[in-house]
Amino acid sequence: MAIKKIITIDGIDVPFKASAALPRMYRMKFGRDIYKDFSELQNSVKENDEENSNMGIQSLEIFEQLSWLMAKHADPENVPDNPDDWLEQFNMLSIYEVLPQLMELWGLNNETQAVAKKNIDHLTAR
């Protein structure tokens, strides 16, 4: 079951979506592991703050790619086919404001999947 959330970025309401398909989509599009990248981003944000950010360019690129893919997953008809075109609509995309909300969405999606796995044992046991 997919989970959607609308996040306001630079005054624009942007829908984002997380589902079981997202790790595969991310791997196919960027050749990277979404779980590892989310973990690295979370650690990078913890080590920095908006006032004194020393975040590496790779972390920012991963954030932009994750954000774009989750937006594209939520609204494929209206989100451009590449991250650069999507980012053009914003004056600023703050990792410190948006990433915690994306992490929450991702966590809710994983939580929903974990509950389903627990319930399937009950349904298949005879």
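In this chain, numbering begins with 1 at the start of the sequence shown.
Expressed to the nearest 0.5 Å, how far CG of Leu105 lies from CE of Met103 amounts to 11.0 Å. Atom CG of Leu69 sits about 6.0 Å away from atom CZ of Phe30, to the nearest 0.5 Å. With rounding to the nearest 0.5 angstrom, the OG atom of Ser67 is 7.5 Å from the CG atom of Leu99. Separation of atoms CD (Gln42) and OG (Ser59) is listed at 12.5 Å; rounding is to 0.5 Å. In this structure, the separation between CG on Asp75 and NZ on Lys4 is 7.5 Å, given to the nearest 0.5 Å.
The closest side-chain donor-acceptor pair between Asp33 and Tyr26, if any, does not fall under 3.5 angstrom.
When the shell of 6.0 Å around CD of Gln58 is examined, it contains 12 or fewer heavy atoms from other residues, nucleotides or ligands.
A donor-acceptor pair under 3.5 Å is formed between the side chain of Gln89 and the backbone N or O of Trp86. Judged purely by atom type and a 3.5 angstrom limit, Trp68 uses its side chain to pair as donor or acceptor with the backbone of Pro80. Side-chain N or O atoms of Gln101 include one that pairs as donor or acceptor with a backbone N or O of Glu97 at under 3.5 Å.
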Gln65/Lys29 under side chain to side chain contact (heavy atoms under 4.5 Å, CB included): CA gap, chis, key distance, verdict:
CA-CA 9 Å; Gln65 291 170 343; Lys29 182 70 177 175; over 6 Å; no
What verdict does the side chain to side chain contact (heavy atoms under 4.5 Å, CB included) test give for Arg27 and Ile34, after you've listed the backbone C-alpha separation in whole Å, the side-chain angles of each residue and the deciding distance to 0.1 Å?
CA-CA 7 Å; Arg27 187 174 55 253; Ile34 196 169; over 6 Å; no
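The minimum heavy-atom distance linking Trp106 with Ser19 is given by the pair CZ3-O, 4.2 Å. In this structure, Leu22 and His73 approach most closely via the heavy-atom pair CD1-CD2, 4.1 Å. When every heavy atom of Pro23 is checked against every heavy atom of Ala20, the shortest pair comes out as CD-O, 3.3 Å.
With sequence neighbours left out, the salt bridge (Lys or Arg N to Asp or Glu O under 4.0 Å) criterion links Glu61 to no other residue.
Linking ILVMFWY residues whenever their side-chain heavy atoms come closer than 4.5 Å, directly or via other members, leaves Leu102 and Ile6 in distinct clusters. Hydrophobic clustering (ILVMFWY, side-chain heavy atoms < 4.5 Å, transitive): Tyr35 and Ile3 are in one cluster. One hydrophobic cluster holds both Leu87 and Phe63 under the rule that ILVMFWY side chains link at heavy-atom gaps under 4.5 Å. Under the 4.5 Å side-chain contact rule for hydrophobic residues, Phe38 and Leu108 share a cluster.
Looking at Asp81 and Lys72, their side chains come closer than 4.5 Å, going by heavy atoms from C-beta outward.
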Quick one: side chains of residues 10-18, donor-acceptor pairs under 3.5 Å with protein atoms, not counting sequence neighbours, listed by atom name and distance.
{"residue": "Asp10", "atom": "OD2", "partner": "Asn91", "partner atom": "N", "Å": "2.6"}
{"residue": "Asp10", "atom": "OD2", "partner": "Asn91", "partner atom": "ND2", "Å": "3.4"}
{"residue": "Asp13", "atom": "OD1", "partner": "Thr8", "partner atom": "OG1", "Å": "2.7"}

